[in-house]
Amino acid sequence: MDLVFATNNQHKLLEIRKIIGDSFNLLSLKDINCFDEIPETGNSLEANASQKSRFVYEKYGLNCFADDTGLEVEALNGAPGVYSARYAGEEKNALKNMKKLLSELNGIENRKARFRTVISLIINGEEKLFEGIVTGKITDKESGTKGFGYDPIFIPDGYNITFAEMDLQTKNKISHRARAVEKLANYLKLISK
């Protein structure tokens with residue numbers, strides 16, 4: 001069965017292909033000639049993931065899944081959350097986003113935070129949601145060069161290094177996206193039997 005992952009990020013695609021195996025023919029947006037700017041106007045991760053998967057399903061008639069991820073900081077009442085990518089502006093600049101977050105947490109002792117990924121899967125019109133969460137804390141300054149987004153300022157619980165200091169293999173075992181994808185993969189294995 002063909003299954004579209006609403007992304008053009010080849011790294012994400014390969015990572016997920018490895019996890020879900022070959023029961024499904026995993027396609028990217030490019031593979032189905034989708035070059036549209038897919039809307040992400042929801043006010044929650046669930047709404048954005050759902051909006052993206054519905055867009056592809058309704059326009060192309062293909063089974064599809066999409067994800068959305070946010071960093072939720074306890075002391076900031078869950079911000080930046082759904083606005084994580086454009087926290088410091090529409091240009092989605094990761095460095096500016098981190099600097100803004102660190103500035104807002106300046107002098108605040110509570111550094112608890114969590115990364116949360118939500119995946120919306122639509123198969124034959126039916127939607128299922130899967131969530132992955134990793135808890136941790138925000139550092140005082142950036143550290144590490146691997147990863148992307150807020151990785152250089154996030155230390156997952158049980159570790160003393162940031163996501164950006166971890167090798168990809170370790171990060172992929174414990175990350176929010178990996179946890180959500182694992183739930184998705186288990187569900188897909190169940191329905192492909």
Side-chain angles (χ1 to χ4, degrees), residues 3-24 26 28 40 42-53 56 63-74 76 78-85 87 94 97-98 101 111-123 126-139 144 146-193:
L3 183 62
V4 178
F5 180 15
T7 188
N8 278 316
N9 181 323
Q10 287 304 308
H11 174 73
K12 269 199 214 176
L13 202 65
L14 289 171
E15 188 182 302
I16 287 179
R17 210 173 256 149
K18 237 190 283 184
I19 297 169
I20 68 169
D22 52 13
S23 318
F24 292 85
L26 197 58
S28 68
E40 280 186 83
N43 60 1
S44 70
L45 300 176
E46 289 82 357
N48 277 348
S50 199
Q51 193 176 28
K52 289 188 275 188
S53 61
V56 172
N63 292 323
C64 172
F65 68 92
D67 68 331
D68 200 21
T69 295
L71 175 67
E72 300 170 341
V73 180
E74 194 174 279
L76 302 176
V82 71
Y83 306 106
S84 293
Y87 194 45
N97 288 339
M98 275 191 291
L101 184 64
R111 312 293 280 195
K112 286 184 191 167
R114 67 183 191 168
F115 269 117
R116 195 163 69 90
T117 292
V118 174
I119 295 175
S120 161
L121 169 71
I122 298 182
I123 292 194
E126 295 277 316
E127 183 182 29
K128 290 254 185 254
L129 294 175
F130 306 92
E131 179 186 64
I133 294 173
V134 64
T135 56
K137 66 180 181 206
I138 303 298
T139 60
K146 300 177 193 125
F148 56 93
Y150 296 92
D151 287 357
I153 60 170
F154 182 82
I155 296 177
D157 288 342
Y159 292 82
N160 57 7
I161 57 173
T162 66
F163 266 168
E165 294 171 296
M166 269 179 201
D167 62 80
L168 202 55
Q169 203 173 355
T170 306
K171 183 189 168 192
N172 285 345
K173 278 184 191 152
I174 63 163
S175 83
H176 42 293
R177 183 171 290 108
R179 290 173 179 179
V181 168
E182 195 177 314
K183 290 176 185 174
L184 168 73
N186 289 338
Y187 179 77
L188 290 174
K189 283 173 191 152
L190 204 67
I191 65 167
S192 66
K193 284 181 178 171

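On a predicted model such as this, the values are computed, not experimentally measured, just so you know.
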*asked:* How close do Tyr87 and Leu76 get, counting heavy atoms only, and between which atoms?
replied: OH-CD1, 3.9 Å
*Just do the side-chain contact (heavy atoms from CB on, under 4.5 Å) check on Leu71 and Ser84 with the steps written out, would you?*
CA-CA 6 Å; Leu71 175 67; Ser84 293; 4.0 Å; yes
*Applying side-chain hydrogen bond (donor to acceptor under 3.5 Å, both in side chains), name anything that partners Glu72, two or more places apart in sequence or on another chain.*
Arg114, Arg116
*With no hydrogens and no angle check, is any side-chain donor or acceptor of Asp151 less than 3.5 Å from a backbone partner on Lys146?*
no
*Quick one: list whatever passes side chain to side chain contact (heavy atoms under 4.5 Å, CB included) with Pro152, sequence neighbours left out.*
Met98, Glu142, Ala164
*Quick one: list whatever passes side chain to side chain contact (heavy atoms under 4.5 Å, CB included) with Arg111, sequence neighbours left out.*
Leu102, Leu105, Lys137, Ile138, Asp140
*For Ile155 and Ile161, which heavy atoms make the closest approach, and how far apart are they?*
CG2-O, 3.6 Å
_Just to verify, what does Ala66 make a side chain to side chain contact (heavy atoms under 4.5 Å, CB included) with, not counting sequence neighbours?_
Ala6, Lys52, Ser53
*side-chain hydrogen bond (donor to acceptor under 3.5 Å, both in side chains) involving Asn48 - partner list, sequence neighbours excluded*: Asp68
*asked:* Quick check on side chain to side chain contact (heavy atoms under 4.5 Å, CB included): which of Thr162, Asn97, Val73, Thr69 does Tyr150 satisfy it with?
replied: Asn97
*Which heavy atom in Gly42 sits nearest to a heavy atom in Gln51, and how many Å separate them?*
N-OE1, 3.6 Å
*Partners of Ser28 by side chain to side chain contact (heavy atoms under 4.5 Å, CB included), sequence neighbours excluded?*
Asn8, Gln10, Leu13, Lys30, Asp31
*Partners meeting ring-ring contact (aromatic ring centres under 6.0 Å, His included) with Tyr159 (sequence neighbours left out)*: none
_Are more than 12 heavy atoms, taken from residues, nucleotides or ligands other than Lys128, located less than 6.0 Å from that residue's NZ atom?_
no
*Can you tell me how far the CG atom of Asp157 sits from the OG1 atom of Thr135, to the nearest 0.5 Å?*
3.5 Å
*Between Tyr187 and Phe130, how do the two ring planes meet: parallel, tilted or perpendicular, split at 30° and 60°?*
tilted
*Are the side chain of Glu126 and the backbone of Ile123 linked by a donor-acceptor contact shorter than 3.5 Å?*
no
_Arg177: salt bridge (Lys or Arg N to Asp or Glu O under 4.0 Å) partners, not counting sequence neighbours_ = Asp67
*Do you know which two heavy atoms are closest between Leu121 and Leu3, and how far apart they sit?*
CD1-CD1, 4.0 Å
*Stepwise side-chain contact (heavy atoms from CB on, under 4.5 Å) test for Leu188 and Leu184*: CA-CA 6 Å; Leu188 290 174; Leu184 168 73; 3.9 Å; yes
*For Asp167, enumerate each residue passing the side-chain hydrogen bond (donor to acceptor under 3.5 Å, both in side chains) test, keeping only those at least two apart in sequence or located in another chain.*
Thr170
*Can you name the residues that form a ring-ring contact (aromatic ring centres under 6.0 Å, His included) with Phe154, not counting sequence neighbours?*
Phe115, Phe163
_Glu74: which residues meet the salt bridge (Lys or Arg N to Asp or Glu O under 4.0 Å) condition with it, sequence neighbours left out?_
none
*For Met166 against Ile174, the heavy-atom pair lying closest together*: CE-CD1, 3.9 Å
_Which heavy atom of Glu131 sits nearest to which heavy atom of Glu46, and what is that distance?_
OE2-OE2, 4.4 Å
_Phe148 six-ring face occupied by Lys171 cation (under 6.0 Å, within 45°)_ = yes
*Min side-chain heavy-atom separation Thr117-Leu45 under 4.5 Å*: no
*Given side-chain contact (heavy atoms from CB on, under 4.5 Å), test Ile153 with Leu101 step by step and report yes or no.*
CA-CA 10 Å; Ile153 60 170; Leu101 184 64; 3.7 Å; yes
*asked:* Tell me every residue that passes side-chain hydrogen bond (donor to acceptor under 3.5 Å, both in side chains) with Ser50, counting only those two or more places apart in sequence or in another chain.
replied: Glu127
